[in-house]
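Each chain gets a letter, A, B and so on, in the order its sequence line appears, and its residues count up from 1.
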Protein chains: 2
Amino acid sequence: MAVPLYQAKAEFFRMLGHPVRIRVLELLGEGPKPVRELLADIGVEASSLSQQLAVLRRAGIVTSAREGSTVTYALAGPDVADLMRAARRILTEMLAGQAELLDELRETDTAAAAEA
Amino acid sequence: MAVPLYQAKAEFFRMLGHPVRIRVLELLGEGPKPVRELLADIGVEASSLSQQLAVLRRAGIVTSAREGSTVTYALAGPDVADLMRAARRILTEMLAGQAELLDELRETDTAAAAEA
DNA sequence: CAATGACTTGAAGAAGTATTCAATTAGTCA
DNA sequence: TGACTAATTGAATACTTCTTCAAGTCATTG
């Protein structure tokens, strides 16, 4: 692995940094799903979804399999499901913490605003 | 909060998606640090670091305080430290899992390549 | 006060991502 | 085979984000 770890991490997070990709991963967390269903749940154009699915596929975080005329996607491993669970948990904590944080920041902001 | 949760998540991950920002957060996980020290540890230009620190500040994930002529940064809360710990743990699991995953993918790739 | 050190900001160009639409592949069914 | 649905790909345009450098702030010290 020639890539430094912190860079791998950054790439990984960047890969998660798109609303459609997040939604796909969360939906797949419930189990494998055909594209048709993702499409209905997420409500973007088919080609847009496909583009984002391609990003996830390239990252090796999901797999796809054709069954007849439909293609079904799944998380590439249990690690990924864990990750999404952890992400959800942490994010909600973060966003909850944000409220208190905002208060602290507001003090600074108004102090700064008073000068302007 | 008018922003849908999955979009907030995406923004959050995008905010993490930069090598310098990752390193800063990990260093600050050990405790507050003056810019001078971050600069020495990370080894980028001062202005580059400042730009990335500004991103983290805007996101409300770190705070800065001037003490005399030096500026010291710290994680905005314990949640952030937790997040970085979780991220590290999960990422290393993920990257470890990547090895097996690669093997599986290689099969598919060579099968596909054989047709070309 | 001028000069220096620590850090931040602004702005321009380069590089990377997203969005969109047309074209394409793959499978089904009449 | 030809028409149709499902999904993917390619490519152009529009957007963001990075990087870099010059200029700026703020405190310290000669």
Quick check on [N]: is either OP1 or OP2 less than 4.0 Å from any side-chain nitrogen or oxygen of [X]?
{"X": "B/Tyr73", "N": "C/dA6", "result": "no"}
{"X": "B/Arg14", "N": "D/dT17", "result": "yes"}
{"X": "A/His18", "N": "C/dG16", "result": "no"}
{"X": "B/Arg57", "N": "C/dT9", "result": "yes"}

[atom1]/[X] to [atom2]/[Y] distance, rounded to the nearest 0.5 angstrom?
{"X": "A/Thr72", "Y": "A/Glu67", "atom1": "OG1", "atom2": "CD", "result": "4.0 Å"}
{"X": "A/Glu30", "Y": "A/Asp41", "atom1": "CD", "atom2": "CG", "result": "8.0 Å"}
{"X": "A/Leu28", "Y": "A/Leu75", "atom1": "CG", "atom2": "CG", "result": "5.0 Å"}

Next on the checklist: Using a heavy-atom cut-off of 4.0 Å across all strands, would you classify A/Ser50 as base, sugar-phosphate, or nothing?
Outcome noted: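 Here A/Ser50 touches the bases of the nucleic acid.
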
Item to check | For B/Phe12, the option from B/Lys9, B/Met15, B/Arg14 that meets side chain to side chain contact (heavy atoms under 4.5 Å, CB included) | outcome: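 One option only clears the test, and that one is B/Met15.
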
Write down the distance between [atom1] ([X]) and [atom2] ([N]), rounded to a whole number of angstrom.
{"X": "A/Arg21", "N": "C/dA18", "atom1": "CZ", "atom2": "C1'", "result": "9 Å"}
{"X": "B/Leu49", "N": "C/dT9", "atom1": "CG", "atom2": "C1'", "result": "14 Å"}
{"X": "A/Arg66", "N": "C/dT28", "atom1": "CZ", "atom2": "C1'", "result": "11 Å"}
{"X": "B/Arg58", "N": "D/dC18", "atom1": "CZ", "atom2": "C1'", "result": "13 Å"}
{"X": "B/Glu45", "N": "D/dA22", "atom1": "CD", "atom2": "P", "result": "10 Å"}
{"X": "B/Gln51", "N": "C/dT8", "atom1": "CD", "atom2": "C1'", "result": "8 Å"}
{"X": "B/Leu39", "N": "C/dA6", "atom1": "CG", "atom2": "C1'", "result": "10 Å"}
{"X": "B/Leu53", "N": "C/dA6", "atom1": "CG", "atom2": "C1'", "result": "13 Å"}

Picking from [options], which would you name as closest to the side chain of [X]?
{"X": "B/Ser69", "options": "C/dC7, C/dT20, D/dT28", "value": "D/dT28"}
{"X": "B/Ala54", "options": "C/dT9, C/dT8, D/dA6", "value": "C/dT9"}
{"X": "A/Val71", "options": "C/dA6, D/dA7, D/dT9", "value": "D/dA7"}

Item to check | Note, A/Val62 side chain near A/Leu25 side chain (heavy atom, < 4.5 Å) | outcome: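 In short, these two side chains touch, coming nearer than 4.5 Å.
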
Checklist entry - With nearest nucleotides of DNA chain D determined for A/Ser48 and B/Val20 from heavy-atom distances, which residue corresponds to the more 5′ nucleotide? => result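 With A/Ser48 and B/Val20 compared, the 5'-side residue is A/Ser48.
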
